[in-house]
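Accompanying notes for the structure given below.
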Number of protein chains: 2
Amino acid sequence: MTADSSSAGDPRRSLELLWGLVPARRRGPRPRLSVEEIAVAAIELADAEGLSALSMRRVADRLKVATMSLYTYVPSKAELIDVMLDRVYGETPKTYAEGAGWRARLEQVARDNWDLYHRHPWMLQVVMHRPVLGPNMIAKFDFELRAVEGEGLADLEMDQVISLISNYVHGAVRSAVEAMQAESRTGLSDAQWWEISGPLLEKVFDPAQFPIAARVGAAAGEAYEAVGDPERAFAFGLERVLDGIEAFIEKRSA
Amino acid sequence: MTADSSSAGDPRRSLELLWGLVPARRRGPRPRLSVEEIAVAAIELADAEGLSALSMRRVADRLKVATMSLYTYVPSKAELIDVMLDRVYGETPKTYAEGAGWRARLEQVARDNWDLYHRHPWMLQVVMHRPVLGPNMIAKFDFELRAVEGEGLADLEMDQVISLISNYVHGAVRSAVEAMQAESRTGLSDAQWWEISGPLLEKVFDPAQFPIAARVGAAAGEAYEAVGDPERAFAFGLERVLDGIEAFIEKRSA
DNA sequence: AGGTAACGCCGCACGTCGTACGATAACGGC
DNA sequence: GCCGTTATCGTACGACGTGCGGCGTTACCT
């Protein structure tokens with residue numbers, strides 16, 4: 001129910017795992033698994049049941065191996081999550097449409113990330129400061145920066161623009177994914193939830209006291225019944241963000 | 001280490017707690033605690049040690065009470081988190097500076113939320129779809145909407161603008177807070193972390209392959225050594241977002 | 001004043017988790 | 001064939017949320 005998650009692995013061990021620096025065993029029984037296989041199983045589990053269901057025991061079960069065997073390949077769960085992260089970073093496209101301008105490129109970056117988070121919602125719960133310096137993460141960072149390369153921005157500004165996009169997408173995808181998962185997480189559909197909350201709220205909530213919230217809340221509630229609407233809200237915000245960046249780039253090159 | 005968190009309480013029970021609908025006991029021993037006291041203790045604990053340290057046992061210890069006593073006041077941990085959330089929502093200011101325009105008001109909303117998240121970083125880990133419909137949350141929503149009331153936007157657009165701001169702030173504060181907490185979480189300062197990662201990365205990472213990431217990464221790394229820089233990055237993004245909203249409002253009223 | 005129903009408090013127990021430890025067995029190189 | 005290395009995994013510990021049931025306190029009713 002509660003918690004941190006990390007990418008808090010020992011950076012030395014994580015990097016060794018990520019870049020394949022482990023020196024290949026010579027003696028002893030043949031390994032039945034690989035870090036790769038374990039990461040794949042863990043990702044499947046997390047995709048299907050969420051990060052809270054990701055336990056070493058469950059991963060081991062999936063691989064038909066005893067729990068403690070995993071620790072031969074991976075120093076702890078934290079490093080396993082690092083490996084999972086870098087692996088899914090490898091899924092995003094790494095080419096832009098021919099002849100696209102910076103705006104189209106940035107929009108692609110945003111949408112690729114939107115898609116990635118939707119495929120792997122558990123990423124939202126993993127704390128990511130001190131990025132996992134794996135090959136895929138670096139490639140992704142480089143690719144995203146290329147969206148705004150050569151537009152007259154300073155290095156730091158390029159980083160800030162990409163951060164802005166990432167931050168927005170992260171926030172937007174978070175609410176969208178939570179909306180999608182709300183039913184399965186709570187066992188209550190939106191309708192059922194409102195059936196319970198609505199009448200109770202009516203008893204205690206005075207619309208006259210908060211008229212704007214009442215009005216807008218009703219409008220938003222109605223609109224979001226329509227399927228796919230989080231996506232429209234995402235697109236709306238993205239347009240604003242891109243407009244803001246456009247104004248900045250124009251000012252910068254003037 | 002891993003997990004979901006929720007605001008996944010039974011909505012009926014949460015609402016009763018939030019609005020004080022519990023019908024006041026008559027018989028039996030005098031209660032030694034109150035939901036309020038429990039929430040305060042839980043918030044203190046979560047502020048100090050993070051959401052992963054928030055356990056019923058630890059909260060009970062803090063109140064010098066047996067663990068199971070808490071369940072007299074609160075049906076489960078999920079509802080407790082709902083109460084904690086609504087309580088901290090009450091902390092944000094609820095008045096705008098006299099005569100401020102929508103842009104100044106929106107900026108205040110963003111900064112108030114930035115501050116709130118910094119005071120209570122555990123909020124970042126709580127899943128918030130299906131908002132906790134408590135009095136403070138509703139008041140906050142109403143207040144934030146007032147920032148863009150009367151600017152010619154449709155109800156739905158007002159909601160989208162506030163969502164955009166919230167999403168951006170959420171994302172930005174997340175990276176800033178994680179940066180601040182990285183040292184205490186991992187026991188490694190940024191310098192120590194880099195001392196370990198740097199040399200290892202140099203062995204495997206080819207700057208020629210990802211020249212932009214190398215260049216910008218170096219520039220950003222240097223800049224972020226300066227304390228308080230996440231705040232500047234936040235301000236940068238916020239300006240862009242507000243510019244984007246400005247363009248929208250102008251187009252809308254034209 | 002005494003009885004009783006309602007209620008707060010809490011010890012115990014179950015099944016979950018990550019993972020430390022040490023025994024055992026499989027294998028490569030000599 | 002032997003030995004050192006390494007993979008596998010059973011057991012155990014201390015954390016977690018919380019269901020259950022007993023105990024003791026209190027307020028109302030008679």
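For clarity, every value in this text was computed on a predicted model and none was experimentally measured. Quick note on labels: first sequence line is chain A, next is B, and so on, each numbered from 1.
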I'd like a table of atom pairs between the protein and nucleotides 6-11 of chain D - only N or O on both sides, under 3.5 Å - with the distance next to each one.
{"unit_1": "D/dT8", "atom_1": "OP1", "unit_2": "A/R32", "atom_2": "N", "d": "3.0"}
{"unit_1": "D/dT8", "atom_1": "OP2", "unit_2": "A/Y73", "atom_2": "OH", "d": "2.9"}
{"unit_1": "D/dC9", "atom_1": "OP1", "unit_2": "A/R32", "atom_2": "NH1", "d": "3.3"}
{"unit_1": "D/dC9", "atom_1": "OP2", "unit_2": "A/A66", "atom_2": "N", "d": "3.1"}
{"unit_1": "D/dC9", "atom_1": "OP2", "unit_2": "A/S69", "atom_2": "OG", "d": "3.0"}

Do the side chains of A/R12 and A/E16 get close enough for a salt bridge, i.e. N-O under 4.0 angstrom? no
Using whole Å, report how far [atom1] of [X] lies from [atom2] of [N].
{"X": "A/L70", "N": "C/dA20", "atom1": "CG", "atom2": "C1'", "result": "15 Å"}
{"X": "B/D61", "N": "D/dC16", "atom1": "CG", "atom2": "C1'", "result": "13 Å"}
{"X": "B/L80", "N": "D/dC16", "atom1": "CG", "atom2": "P", "result": "14 Å"}
{"X": "B/Y71", "N": "D/dG21", "atom1": "OH", "atom2": "P", "result": "17 Å"}

Restricting to nitrogen or oxygen on both sides, can you table the protein-nucleotides 15-17 of chain C pairs closer than 3.5 Å?
{"unit_1": "C/dC17", "atom_1": "OP1", "unit_2": "A/S55", "atom_2": "OG", "d": "3.0"}

Hey, are A/E178 and A/S175 close enough side-chain-wise for a donor-acceptor pair under 3.5 Å? no
Got [X] and [Y] here, is their nearest side-chain heavy-atom distance under 4.5 Å?
{"X": "B/V83", "Y": "B/V74", "result": "no"}
{"X": "B/H120", "Y": "B/I43", "result": "yes"}
{"X": "B/R58", "Y": "B/E49", "result": "yes"}

Check whether more than 12 heavy atoms from other residues, nucleotides or ligands sit under 6.0 Å from atom CZ of A/R62, and answer yes or no. yes
I'd like to know if the side chain of A/Y168 reaches the main chain of A/F234, judged simply by a donor and an acceptor atom lying under 3.5 Å from each other, with no hydrogens or angles considered.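 Answer holds: yes.
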Applying side-chain contact (heavy atoms from CB on, under 4.5 Å) to A/Q209 and not counting sequence neighbours gives A/D206
